[in-house]
Amino acid sequence: MPTSVLPQPRHALDNLMEEAGDIVFRLNQQGQLLFASQRAVARIGSAAPLVGTALARLLADLDQVQLAPVLAAVLETRAPRLLEARLKTADMEIWHELRFSCYLNADGAPELLVVGRDMTVQHATEERLRHMATHDALTELPNRLLLSDRMRMVIANARRSGQGFAVATIGIDGFKKVNDGLGHPVGDAMLRMAAQRLRKTLRDSDTLARVGGDEFVAVLPGTATEAQIKLVTGRLIATLQAPFEIEGHTIYMGASVGVAVYPQHAEDEIRLLALADAAMSRAKETGKARAVVYSPADAGPPQHDISLEAAMFQAVREGEFLLYYQPIVDAHTREIQGFETLMRWKHPTLGMVPPARFIPIAETNGLINLLGAWALKAACVQLKQFEEVAKRNLYISVNISPRQFRNDKFLDVLDDAIAFSGLDGEQLVLEITEGTLMIDPVHAESILSKMAERKARIAIDDFGTGYSSLAYLKRFPISVLKIDRTFIRDLPGSQKDGAICNAVLDLAKHLDLSVVAEGVETEEQLQYLEQRGCQYIQGYLTGKPMAANVALAALKESIHANVVPAELRQVHP
Ligand code: C2E
Ligand code: CA
Ligand code: CA
């Protein structure tokens with residue numbers, strides 16, 4: 001090691017350091033002070049002379065034993081080292097970054113130079129940044145990121161202790177009205193007050209996070225029984241029902257709460273949140289200002305979920321997507337005429353993820369083109385096998401999302417599926433929604449005519465929920481209307497829904513369209529529809545969506561079974 005390059009300490013150097021606002025020490029090889037700059041003395045505030053003191057004695061975090069190897073390394077390698085430690089001063093301990101380097105004294109012996117920089121401001125900035133990354137700026141509550149961390153901790157504790165806990169999603173009812181009607185400043189003030197009120201009703205050990213515009217999540221360790229949940233959610237709702245006085249306005253709000261419980265409903269944080277969210281949606285749908293505990297009947301949440309999105313790309317690679325088939329039957333004979341293909345995602349830990357959760361995400365990130373193309377081809381191939389077993393012609397109905405329909409490659413995908421499977425075009429029904437047609441009617445017209453060239457038929461899915469104008473039914477080459485299940489659900493009791501179904505059936509008759517009634521769950525519904533001329537039925541009554549092998553078994557059975565005449569069926573259902 002050429003010693004000549006090492007800096008020689010001079011008073012000038014000490015002075016320079018003083019000017020720069022740093023504190024400076026020089027140490028002997030044992031770590032005792034040979035010199036302390038004025039600034040160092042002032043900061044430490046010691047009346048006794050510092051020279052001769054071990055540096056370690058001035059530090060809160062390092063003792064002599066811990067410091068010795070650092071000094072030895074600097075002396076040996078002659079390369080500088082950085083350490084962070086708190087410097088003890090008269091009334092507090094201040095974080096410093098200490099830079100240790102080696103120099104040769106006038107006798108040519110190595111000694112140590114220590115330059116210390118006050119890190120208080122930097123630490124505060126780092127702390128602030130950490131806080132910003134993990135907290136919501138408006139309410140100062142933990143954000144989604146910190147919520148995830150906390151939940152994982154709570155889950156780990158619960159697993160150890162065997163004690164369950166609840167997660168509650170709290171949505172403020174009608175917040176949008178306040179924001180739109182009274183302006184954002186009032187909306188913001190309301191959210192801040194709401195956050196404070198919610199926080200006050202909870203215990204210190206509970207976590208309250210803000211996860212969306214008007215959505216909060218409370219994690220409640222130790223709250224797991226029905227009575228405990230009722231008590232806490234009741235308080236949460238009540239505190240938001242008290243009037244808010246903001247800038248001269250008196251605002252009355254409410255809250256809907258959804259609850260999921262560990263471990264009964266789910267054991268991981270993503271799913272717990274999703275289920276609590278689904279329960280909250282049901283609370284909102286069923287009258288608001290109430291708490292609903294998750295039950296398996298709740299649909300999955302429509303919320304865009306980043307972790308789910310990441311998992312989806314993985315799932316495509318791993319082949320976790322599969323197709324289920326739901327029979328579409330003749331309303332009169334109940335013979336299976338075809339199947340609707342419904343996509344499923346079999347996630348290794350979340351279980352079956354329903355399409356309502358992942359299709360909207362796939363639609364946003366474009367993955368739907370890939371998934372949709374696969375589904376179309378796989379469904380066509382599957383139909384061939386169904387036909388072989390059933391020994392007759394069947395048809396397959398495939399959902400086409402708006403983005404797929406608009407994709408330039410869609411016709412190629414269609415041609416490929418038909419050619420590969422060897423199906424006749426007319427055995428294929430493509431289900432699209434009214435919205436898909438209306439986004440760009442001119443483009444739609446051209447695509448539909450090309451589909452018609454291939455003899456594929458077009459069905460309007462969820463008919464009745466989209467556009468009120470029916471003119472498009474004449475304009476486009478449409479073959480099938482699928483009545484949305486919301487119009488079927490309350491049949492035969494609901495007069496209004498009955499009127500809608502009758503109107504659709506009439507319309508279809510005049511335009512020479514087939515009708516499929518979706519979501520038929522009861523015998524009464526089926527009879528009501530059949531009597532009014534509805535040809536086809538799809539619903540849990542005549543077959544739930546099922547895996548391909550189950551569908552095959554159903555087809556096999558149906559060849560052997562005698563089809564029961566409708567007259568007898570009414571007596572012996
Ligand atoms: P959809 O096209 O309206 O499909 C019918 C939905 O109703 C299915 O839900 C089905 O399981 C459900 N269903 C059928 N019968 C009954 C019944 O009797 N009662 C009740 N309550 N529900 C019934 P699923 O499988 O969860 O699919 C939801 C939606 O996801 C579908 O609605 C469709 O829009 C979309 N989807 C499913 N598979 C695909 C796909 O391969 N591609 C595209 N683009 N969308 C798909
Ligand atoms: Ca459909
Ligand atoms: Ca539908």
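Both counts, for ligands and for their atoms, begin at 1 and track the order of listing.
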* Show the numbers, then the answer: is there a side-chain hydrogen bond (donor to acceptor under 3.5 Å, both in side chains) between Ser148 and Glu269? => CA-CA 7 Å; Ser148 287; Glu269 120 250 3; 3.2 Å; yes

* With a 4.0 Å cut-off on heavy atoms, is Glu340 touching ligand 1? -> yes

* Test item, Arg344 contacting ligand 1 (heavy atom, 4.0 angstrom) -> yes

* Asked: Quick one: does Gln538 get an N or O within less than 3.5 Å of an N or O on ligand 1?
  -> no

* **Under 3.0 Å: N/O/S of Ser397 next to the Ca ion (ligand 2)** => no

* Do the side-chain N and O atoms of Asp462 and Thr433 include a donor-acceptor pair separated by under 3.5 angstrom? -> no

* **Ala356 N/O under 3.5 Å from ligand 1 N/O** => no

* Identified side chain to side chain donor-acceptor pair (under 3.5 Å) partner of Gln538 from the options Glu518, Glu340, Gln337 -> Glu340

* Asked: Got a sec: is Glu518 within less than 3.0 Å of the Ca ion (ligand 2) via an N/O/S atom?
  -> no

* Do the side-chain N and O atoms of Gln385 and Gln382 include a donor-acceptor pair separated by under 3.5 angstrom? -> yes

* Could you tell me the angle subtended at the Ca ion (ligand 2) by OE2 of Glu340 and OD1 of Asn399, rounded to 10°? => 80°

* Structure fact -> In this structure, the Ca ion (ligand 3) sits at the vertex of an angle between OD1 of Asp461 and OD1 of Asp462 that rounds to 10° as 90°

* Asked: Given Met151 and Leu273, is the side chain to side chain contact (heavy atoms under 4.5 Å, CB included) satisfied, shown in steps?
  -> CA-CA 10 Å; Met151 279 186 75; Leu273 285 174; 3.8 Å; yes

* Using the test ring pair (Phe, Tyr, Trp, His ring centres under 6.0 Å), find all partners of Phe321 that sit at least two apart in sequence or belong to another chain. => Trp345, Phe358

* Please indicate, with yes or no, if any protein heavy atom is found under 4.0 Å from atom 11 (O) of ligand 1? => yes

* **Exercise check, heavy-atom protein proximity under 4.0 Å to atom 22 (N) of ligand 1** => yes

* Work out which heavy atom in Gln404 is nearest to a heavy atom in Gly372; give both atom names and the distance. => NE2-CA, 3.2 Å

* Structure fact -> Note: ligand 1 atoms sitting under 4.0 Å from heavy atoms of Asp462 are 3 (O)

